[in-house]
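Report on the structure given below.
Worth knowing before you read on, the calculation uses all heavy atoms, side chains too, and leaves out hydrogens, waters and symmetry mates.
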Amino acid sequence: MPELPEVEVVRAGLERHVVGATIAAVDVLHDRPVRRHPTGASGFAAALTGRRIVGARRRGKYLWLPLDDGDAILGHLGMSGQLLVQPASAPAERHLRVRFALTGTDHGRELRFVDQRMFGGLSVSVGGADLPPEIAHIARDPLDPEFDDAAFVARLRKRTSGVKRLLLDQGLISGVGNIYADEALWRARLHGERPGDRLTRAQAVELLAHARAVMNEALAQGGTSFDALYVNVNGESGYFDRSLHAYGREAEPCDRCGTPIRRVAFMNRSSYFCPRCQSAPRRARTTAGTTA
């Protein structure tokens, strides 16, 4: 599933290629990606035709394109969604679901939503140009200039859940997915099951710094790609998977100590860690009660 750096790569591409364009026509080829629009595919198309795209923004893993009437196109890529900018003459992709014909761009480009598994989707957010109300509950992410480091550290250290679970809590911090959580924890030498309230302030600050660093590094390389499903708006895959230290490296030697990386089940996914560098937390001691 695309994570924050991948989604930011797509956002930046949309900002370069579609901002300022007018939506001349909308062709919904499959209803499922617009299932959240209350008036269906025809209403979705009617609401957007003639509107001008005035921005490209992101919160966590959600993207939105503010429009000139104060509404926005809100999108989530899900597991396999792609937003591609293509010449109008380019052949249709196999899993093309929604096509936006654009005017005011070079050579009559199209914005295309392609989604093989169709867990992603698009919707019209009424009045959502500044921030769609549908995602107002999602916390800011570590790459957001307005992210409050001190508040995050304080909230993290009050929670009793394992720190990896907390990194994936979109109400606490957005955009950190399974891959980058494992990488940040490896860099911080922390086991994912360490409770948040058992972290020192210095450990919490260091973990946040590593999460931010690993995502910035991935962003610089175009994101992480393990298959052909993640691409940016020009159809190019990211290459950060070549720089991973933990995720996807089961049984390979740890880059620090040489101990084989271990994989365990975690929330219907997998966690990867070094059992030596990231020692499991000790269980809290219990004392037997006494009677008079």
Side-chain angles (χ1 to χ4, degrees), residues 1-23 33-34 36 48 51-68 70-86 93 97-100 102 104-106 109-115 119-125 128-147 170 173-177 179-180 211-225 229-240:
M1 179 179 292
E3 298 191 19
L4 185 152
E6 292 76 52
V7 178
E8 174 58 21
V9 168
V10 174
R11 187 212 62 80
L14 293 172
E15 186 172 60
R16 289 193 300 271
H17 295 295
V18 306
V19 171
T22 297
I23 301 171
V34 298
R36 292 183 177 87
L48 297 176
R51 300 271 59 88
R52 184 167 58 87
I53 299 170
V54 298
R57 303 183 65 184
R58 176 189 56 77
R59 175 162 290 193
K61 301 177 188 179
Y62 282 88
L63 293 161
W64 75 95
L65 299 176
L67 304 172
D68 58 356
D71 294 343
I73 303 172
L74 177 63
H76 194 286
L77 300 179
M79 295 184 68
S80 60
Q82 302 168 10
L83 281 166
L84 304 176
V85 178
Q86 297 278 40
E93 292 77 11
R97 309 303 185 190
V98 183
R99 185 200 317 254
F100 301 86
L102 305 178
T105 58
D106 295 338
R109 292 176 178 171
E110 292 182 346
L111 175 62
R112 299 178 178 182
F113 183 67
V114 178
D115 193 356
F119 291 116
L122 303 173
S123 61
V124 177
S125 176
D130 290 333
L131 175 64
E134 297 89 343
I135 61 172
H137 64 285
I138 295 177
R140 295 183 183 275
D141 64 69
L143 304 188
D144 189 321
E146 296 185 33
F147 185 86
Q170 299 295 291
I173 182 173
S174 69
V176 183
I179 296 173
Y180 299 117
R212 182 175 282 133
V214 74
M215 288 193 289
N216 272 318
E217 291 168 23
L219 180 60
Q221 295 186 43
T224 301
S225 177
L229 294 180
Y230 163 65
V231 293
N232 65 19
V233 294
N234 291 320
E236 299 171 346
S237 295
Y239 296 100
F240 191 67

- Task: Give the minimum heavy-atom separation between P66 and A56, together with the two atoms involved.
- Result: CD-N, 3.9 Å

- Task: Please confirm whether the backbone N or O of G175 pairs with a side-chain atom of D141, one donor and one acceptor, at under 3.5 Å?
- Result: no

- Closest non-hydrogen atom pair between A218 and Y180, with its separation: CB-OH, 3.3 Å

- Query: Which value, rounded to the nearest 0.5 Å, describes the distance between L14 atom CG and I53 atom CD1?
  - Reply: 8.0 Å

- Message: Looking at R51 and L67, would you say the former's side chain and the latter's main chain have a donor-acceptor pair under 3.5 Å?
- Response: no

- What distance do E15 atom CD and E8 atom CD have between them, rounded to the nearest 0.5 Å? 8.5 Å

- Task: Hey, could you give me the CZ/CZ distance between F147 and R212, rounded to the nearest 0.5 Å?
- Result: 6.5 Å

- Query: Out of curiosity, R97 CZ to L122 CG, how far, rounded to the nearest 0.5 Å?
  - Reply: 12.0 Å

- Ion pair present between R58 and D144, side-chain N to carboxylate O less than 4.0 angstrom? no

- Heavy-atom distance under 4.5 Å between the side chains of L74 and I135, does that happen here? yes

- Message: Counting only heavy atoms from other residues, nucleotides and ligands, does the tally under 6.0 Å from CG of D130 exceed 12?
- Response: no

- Test side chain to side chain contact (heavy atoms under 4.5 Å, CB included) applied to L111 and L65, step by step: CA-CA 12 Å; L111 175 62; L65 299 176; 4.0 Å; yes

- Query: Is a donor on one side and an acceptor on the other found under 3.5 Å between the side chain of R52 and the backbone of D68?
  - Reply: no

- Between W64 and A129, is there a donor-acceptor pair closer than 3.5 Å when you use the side chain of the first and the backbone of the second? yes

- Task: From the options V85, L48, L83, select the one residue that forms a side chain to side chain contact (heavy atoms under 4.5 Å, CB included) with F100.
- Result: L48

- Item | Heavy-atom pair of closest approach, residues E134 and S125 | OE1-OG, 2.8 Å

- Message: With rounding to the nearest 0.5 angstrom, report the NE2 to CZ distance, H76 to R36.
- Response: 9.0 Å

- Task: Side-chain contact test, heavy atoms from C-beta onward, threshold under 4.5 Å: evaluate it for T22 versus L102 and give yes or no.
- Result: no

- Message: So which atom in P142 and which in V176 form the shortest heavy-atom distance, rounded to 0.1 Å?
- Response: CG-CG2, 4.3 Å

- Note on the structure: CG (D71) and OG (S123) are apart, to the nearest 0.5 Å, by 11.0 Å

- Message: Determine whether a donor-acceptor pair (N or O, by modelled atom type, separation under 3.5 Å) exists between the side chain of R11 and the backbone of R57.
- Response: no

- Query: So, for G60 and V7, which heavy atoms are closest and what is the spacing to 0.1 Å?
  - Reply: O-CG1, 4.3 Å

- How far apart are the C-alpha atoms of V124 and I73, what are their side-chain angles, what is the distance that settles it, and do they pass the side chain to side chain contact (heavy atoms under 4.5 Å, CB included) test? CA-CA 5 Å; V124 177; I73 303 172; 5.7 Å; no

- For the pair S174 (side chain) and I138 (backbone), establish whether a donor and an acceptor sit closer than 3.5 Å, ignoring hydrogens and angles. no

- State which residue, out of E93, Q82, Q86, fulfils the side-chain hydrogen bond (donor to acceptor under 3.5 Å, both in side chains) condition with R112. E93

- So, for G128 and P133, which heavy atoms are closest and what is the spacing to 0.1 Å? CA-CD, 4.1 Å

